[in-house]
Visitor: 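Pasting a structure below so you can have a look.
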Amino acid sequence: MTPGRLVPPALIVVFLAVWEAACRYLAVPDFILPAPSRIGIVAVENAPLLLSHAGTTLLEILLGIALSVAVAVPVATAMFSHPAVERSLTPLLVASQAVPVFAVAPLLVVWFGYGIVSKVLMAAVIIFFPITVSLLEGFKGCDREYRILFRLMGAGFRQTLRLLWWPWALPNFFTGLKVGVSVATIGAVIGEWVGAQHGLGYLMIQANARLRVDLVFAAILYLSVMGLGLWAAVDAIGRRAVAWKVKKA
Amino acid sequence: MTPGRLVPPALIVVFLAVWEAACRYLAVPDFILPAPSRIGIVAVENAPLLLSHAGTTLLEILLGIALSVAVAVPVATAMFSHPAVERSLTPLLVASQAVPVFAVAPLLVVWFGYGIVSKVLMAAVIIFFPITVSLLEGFKGCDREYRILFRLMGAGFRQTLRLLWWPWALPNFFTGLKVGVSVATIGAVIGEWVGAQHGLGYLMIQANARLRVDLVFAAILYLSVMGLGLWAAVDAIGRRAVAWKVKKA
Amino acid sequence: MLKISRLVKRFDELDVLDGFDLEIPRGSFAVLIGPSGCGKTTLFDLLTGVVSPDAGTVSWMGDVIPDAGRVAAYMQQKDLLLPWRSLMDNALLPTTIAGADPAASREKAAALFQRMGLHGFEAYLPGEISGGMRQRCALVRTLMFERELVLLDEPLSALDAITRRSLHGLLLMLQQAFHRTLLMITHDIEEGLLLADDLYVLSQMPMNVLCRCRLKAPKPRRPDDPELIRAKTAVMARLDRELNNDPR
Amino acid sequence: MLKISRLVKRFDELDVLDGFDLEIPRGSFAVLIGPSGCGKTTLFDLLTGVVSPDAGTVSWMGDVIPDAGRVAAYMQQKDLLLPWRSLMDNALLPTTIAGADPAASREKAAALFQRMGLHGFEAYLPGEISGGMRQRCALVRTLMFERELVLLDEPLSALDAITRRSLHGLLLMLQQAFHRTLLMITHDIEEGLLLADDLYVLSQMPMNVLCRCRLKAPKPRRPDDPELIRAKTAVMARLDRELNNDPR
Amino acid sequence: AEKLTLMLDWFPNVDHLPIYVARDRGLFEMAGIDVRIVSPSETADALKLAVSGQVDLAVSYQPQTVIAAAEGMDVIAVGRLIEHPLTTLLFLKGKGIEAPPDLSGKRIGYTVPGLMDVMLHAFASLNGVRDYTSVNVGFAVLQSLAAGRVDAVMGPFKTYETVEMAHRGYDVGYFELEKYGIPDYDELIFVCSRNTLNLKEKAVKGFIRAVDVAIGQVRSNPERAFQEYLKAVPEANPETEADAFRLTLPYFAANQNHDPLRWQAFADFALQYKLIGKPVNGASLLRNFDE
Ligand SMILES: Nc1ncnc2c1ncn2[C@@H]1O[C@H](COP(=O)(O)OP(=O)(O)OP(=O)(O)O)[C@@H](O)[C@H]1O
Ligand SMILES: Nc1ncnc2c1ncn2[C@@H]1O[C@H](COP(=O)(O)OP(=O)(O)OP(=O)(O)O)[C@@H](O)[C@H]1O
Ligand SMILES: [Mg+2]
Ligand SMILES: [Mg+2]
């Protein structure tokens, strides 16, 4: 999906219309679910505030993505090359997915303080899992025949990785990255629950505590747009990177 | 990874040992991070309590998985067969990933009450995205040549779906499902933070309010084991379903 | 009759076809021979709608059709077996899709497996058999698909001479007993001459018919038939001239 | 000298090799001909360590080696081109891996592309070329890989007669000018007879050497050489007997 | 100036107004301290981090502090911010609820399992509420009330949710806990660890004094204080928080004298209703600087 094709089509218009109508005619109170028009107005009126918070969050997300990619790639590689590592790490990784943040938030504060680090870490932790799993499955999906070809050509592990496994798993990597960046927004927001002074997550908690549900949703709108932008960017890069697949067709 | 191979190997032992040592010698207070030994003891001592809550949560997760698979498969299929649907739904789906639970949990409760439905929905919503994305990418990854072969044999959409695309995308489906079931635990727990009377999430909040951090972590341990079990189950089923891939090697 | 008129196909800067004409009478066996990479597979792909032409028409029995995908069974150059289905299930794919009687189809497929020397391998997966066996399995699948026109892209290239010869008999039976129209690509000139009613020698890109070799000798023919040996030398010489005039 | 002794390989209930012996003198050109599915590819896979034998040994120049993967260049029956690399980059894969001088390698590959009639297609992706062109590209890649032993599994099966003939010259040059030892599988008996010093006719599974045909005529040979025609008839007859004695 | 880190119990709101006033009028500076204010991710974090020494001071609740003491945490209350419970049992008017017994047979929500469900249980048994169903509504107080999913909720603040509901056109009433048999207690207090107190006694004392002074100043000119607060916390919503501030003003601690008897009464109540598992000595948790 190229950015151009993201222009909201019929279904989205229908979705918003139904939402708006539901709020108006079913008299859904604002603080339960604000109408899209209301969210839009709040989002525009508070644009300077929201944008400044959004900047902080975006920075955290981008750093989180960079960090998790930087860790996921070697980890997936290690798990792929050493089944023992896979056997050891998989249970830890899967188990870690069941840990809710609030339980470890004080720990994060203890270790990383109130700065940007803990937020970046939270975002990274959330993106990390889908990327690693997808990349690993991608590596594993490589046809044995190709591996053998490389072995016969005398390729070492690094060469096979660079010339075969990595390009082979690239589509999977991008699938994982797409899932990852979409949920990264949540990661950063959750990270901001841990002692943040700025950012959309901070703003949302504040607004939520103040029962400014419309502002919460306006912040969500900004987050959603951010998520969409990241998705579209990854998708565009992904398409370019696996152009040979498209071309072949 | 078959269940048998999940038996914790060296790395996990090392991980637990480091954790234990950190708690003992770095004097991390146990209300911030309890030592694994302490968590183990609490988990065993309170087994009846924890198991009864775990039962509730497990039921929610299983229903959530069933629901989200039941929805993700037709949705991914529709997105694949109608690019217009994909163009419309993708932004909605991606945007939805940026919505933090606390914003929608009240909505779910208002709409679906305090019963099991809202928790099942929460779990389902979280699992849905990775499955749909993976399945869709799997469908798209099918070589054009095979599609043409099916067209030449006069196969309709449903037949091509059943005989070609679905088996083709099965490995991707299982990758997505694996990511999904791992995070499903969190979905159910968050659902239980609002409007539950039972379940590990409820227990965690309660223990947290009582500053019983060791019990919180014991609940997380049960959640983790549950997540691991689900992962291993999906992995085993997945292996069986794509046995031809293994056999070919 | 299959009639191909003024077919044009370009790939980027490559003129593969530039006004290609061909007529195949109903019930006849036509063989195409030409240099590797000249556009034979592309022609079949155009005929069956796998790729769409830039210009030109295809007609069948006098009616212009967008492509012959509805009237032709096509055995592609790649075997395209589904790796998760056993050989038998792969062979049964066309009848499964057409909703034909399973028992009858299975019986027919079993007979073809026997004939192809694949008996005993029905339950194997495509990843567990040899290249030639895969090709034979793809041929079974194509024959299971009952269409009046049969397009075969190098169907026997990976087989030994004996198996090949026995399958020549099968192809001739298809033409003579079942009245199919066959169009076959091969690189084996002798094979072409043994089977063809019309053998077309094709040029380099843009592909054209260099010469049409009408063979009247009754079939089955013998490879040591002097007419065949003469024809073989002639075709060889024509191809040689084509390839060495324009050394790519 | 490559010496294969008592090689055994089973797949489940299939006895593919059951004590297979073969000796290939250094610098010679050996050709293997046998029924489709008899185990030729499996033999090459065992030689190169692609699959591991259940029993038996392989030795090279007198030393028993686990497999000949380190001394052989192997062109497999499938082309195994990397779909994301251009033809040139695919051909350069062995030298890239070996860390050879890029400029010199590129020059050598360019010469081979020219020779194979692939000139002008260096930048194409494997998905954009014909079956025969893919096969030729795989052959270029194999030849870029400088090993003393060259194993070729049906390297020319998808090529037209003329291109094939020109590549016969290339293979002979490899043997005669570059002193490689060649081991080639083919289904084309005439091709085998044109190239081989020793031609082995193989049996059905479990695979054995039915007869060894020692060819002394100087190369290049002509297909109409009466010795060749006689040998061809003999090989054909031997194969025929093998396949029809034991109708699978 | 000595640095002190203070963790709030929740995001900044009018309850914390005197702290901001003290900071922005330089009262902390005069006391020779430099206070950094941070927000927690969850209400229990502040106390945990204070006890572990990660922050110097925390805003906490008296019930939470008693629970912490019963869990063996080394916590000490050093000052007071809000001196009576703000927690109420909130209900919508016009549904026939006038007195606690009217809640019998109704569906009653609570906000924090483990704490508010106990309060609800105590309230019900003390006031003859029978056959009610209790449900955890989490943070969805307004939503669940407005949607009619529950008839009342235990846990909302009388200074806060009431205002929000009123602003949205809902007429709400509430029962104040201390008037219905539950021992009076300090809603918001300042806590730290004994260790921090030993190391930074002077600074902590200075902090408490400064807050005390600030509370006096807030009382004398509430309007000005509120304007300062709006500047310090730009996210604040001026309309609703003005009302909330007006309601909160009477509850700011009049002095910094902890009352050991009041603490003990609450601790005994907590033990009786199983909020805690073992007895707690109230006096041992307190430090009065003014004695
Ligand atoms: N992975 C496998 N699992 C089971 N059987 C296998 C496997 N690989 C090969 N075989 C069997 O081994 C036999 C020999 O196969 P092989 O590929 O060696 O034949 P071949 O002589 O190369 O045939 P062709 O000329 O058709 O390429 C076949 O019957 C095949 O079914
Ligand atoms: N998708 C494509 N993109 C670009 N060029 C293509 C594409 N498909 C085929 N070609 C080009 O078209 C030409 C003809 O290819 P085609 O496959 O029709 O040859 P062929 O006659 O079947 O050869 P062979 O005998 O080797 O199978 C080739 O030069 C090839 O590079
Ligand atoms: Mg072709
Ligand atoms: Mg083979």
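Everything numeric in this text was worked out from a predicted model, so none of it was measured. Below, read A as the first sequence line, B as the second, and so on, with proteins coming before strands; counting in each chain starts at 1.
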Visitor: Of the backbone (N, CA, C, O) and the side chain (C-beta and beyond), which part of E:Ala244 lies under 4.5 Å from a heavy atom of chain A, both, or neither?
Guide: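 No part of E:Ala244 comes within 4.5 Å of chain A.
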
Visitor: Determine which residues belonging to residues 147-163 of chain E lie within contact range of chain A, meaning some heavy atom pair is under 4.5 Å apart, and list them by number or answer 'none'.
Guide: E:Ala147, E:Tyr160

Visitor: Take atom CD in E:Gln227; do more than 12 heavy atoms of anything else shown fall under 6.0 Å from it?
Guide: yes

Visitor: At a heavy-atom distance under 4.5 Å, which candidate from E:Arg168, E:His167, E:Glu42 has the highest pair count against chain A?
Guide: E:Arg168

Visitor: Once you round to the nearest 0.5 Å, how far does CZ of E:Phe11 lie from CG of A:Leu203?
Guide: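 Interatomic distance, E:Phe11 CZ to A:Leu203 CG, rounded to 0.5 Å: 10.0 Å.
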
Visitor: Could you tell me which portion of E:Pro12 (side chain, backbone, both or neither) has an atom closer than 4.5 angstrom to a non-hydrogen atom of chain A?
Guide: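 For E:Pro12, heavy atoms of backbone and side chain both lie under 4.5 Å from chain A.
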
Visitor: I'd like to know whether CH2 of A:Trp111 has more than 12 heavy-atom contacts from other residues, nucleotides or ligands below 6.0 angstrom.
Guide: no

Visitor: In terms of heavy-atom proximity below 4.5 Å to chain A, should E:Leu142 be classed as side chain, backbone, both, or neither?
Guide: both

Visitor: Where on E:Leu8 is there a heavy atom nearer than 4.5 Å to chain A: the side chain, the backbone, both, or neither?
Guide: neither

Visitor: Sort E:Val233 into side chain, backbone, both or neither according to what part of it lies under 4.5 angstrom from a heavy atom of chain A.
Guide: side chain

